[in-house]
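Notes follow once the structure below has been shown.
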Amino acid sequence: MDTKGGDNAFTAKSVHQNTSEPMYSGALSFMRRKYTRDLTGIDVAVTGIPFDLATSSRPGTRLGPQGVRRASVNLAWAPHFPSGRDIFGELAVIDYGDMVIDPGYPHKIPEMIEDHARDIVSSGAKMLTIGGDHFISYPILKAHAEKYGKGISLIQFDAHSDTWEDDGDRIDHGTMFWHAAKNGIVDAAKSIQVGIRTHNESTHGYNILYGPDVQAMSIDQIVAKIKDVVGDNHAYITFDIDGLDPCYAPGTGTPVLGGLTSHQAVSILRGLAGGINLIGSDVVEVSPPYDVSDITSLAGATIAWEMLNIHAVNRKP
Ligand SMILES: [Mn+2]
């Protein structure tokens, strides 16, 4: 162990530098990555959006980025499992820090999130966002559509469809994928929702693997289905942590029984590595105040790590 090192988030000389500092000490950053807003040559920028004003039930996801960062340092010492891949040797990944949210001006926040996303996405770096409630995915998707074009394939892990219809002006974490499909930002026919287990009569054209479907299928079948729907289209993964069963993710606002196991989640994401054209991703709805032993924060951190693995596999040397 390098006992002279420490606080890699601020002392790292290179974005590829790893650290052996213990998980219980040092300045926190996502996976001990260098904390910087310099996007030059960066493959993936991890950023937090501590926003939970669109939450319909229990709040607390404004603390999600902090929780996921804290849990992530427990993963920072080892190569990727089971590939053994040195992800941070291959990929230039930074912690871009959190977006500053002023809760006093709620109606300005969606546009500010879009601006924040545009700053990252326009640089060419891939954006990996830690939420925040699920509403944040909508302005982030808008910024991605500006860069990559409309008709993005959404791969959504979730207990809820988030496609409820509203009057068009709500800041709501249950309606944004209806907006995204209606506006053409997302191509619902080339998108898939995985793990849905709440009733919504209208699918709005999204392909859906309901919770019971997931349990009846093998990992390979699920991965094949997702790849079949998405093809080589630009793909964006949004992982609502309530896609996991509450026993794997108790720390969230609207838990629903009968969800994915953490094994299913990481296995599906590993199966997608090398098989989809991933342009961005997020992990949302982690609510540390409702968490137990950081289970949910650790799930969020590990899922984000698997998203980085997909980027690493996709990156052509
Ligand atoms: Mn959701």
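Atoms within each ligand, like the ligands themselves, are counted from 1 in listed order. Being a predicted model, the structure only gives us computed values, none of them experimental.
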Please find the N/O/S atom of [X] nearest to the Mn ion (ligand 1) and write down its name.
X: His134; value: ND1
X: Asp162; value: OD2
X: Asp240; value: OD2
X: Asp158; value: OD2

Would Arg62 count as a cation-pi partner of Phe51, with NZ or CZ less than 6.0 Å from the six-membered ring centre and within 45° of the ring normal?
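No cation-pi geometry.
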Check this for me: does any side-chain nitrogen of one of Asp95 and Arg69 sit under 4.0 Å from a carboxylate oxygen of the other?
yes
Should the pair Arg118-Glu146 be classified as a salt bridge under the 4.0 Å nitrogen-to-oxygen rule?
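Yes, this pair counts.
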Is there a side-chain hydrogen bond (donor to acceptor under 3.5 Å, both in side chains) between Thr55 and Asp133? Walk through the geometry before answering.
CA-CA 6 Å; Thr55 303; Asp133 71 46; 3.3 Å; yes
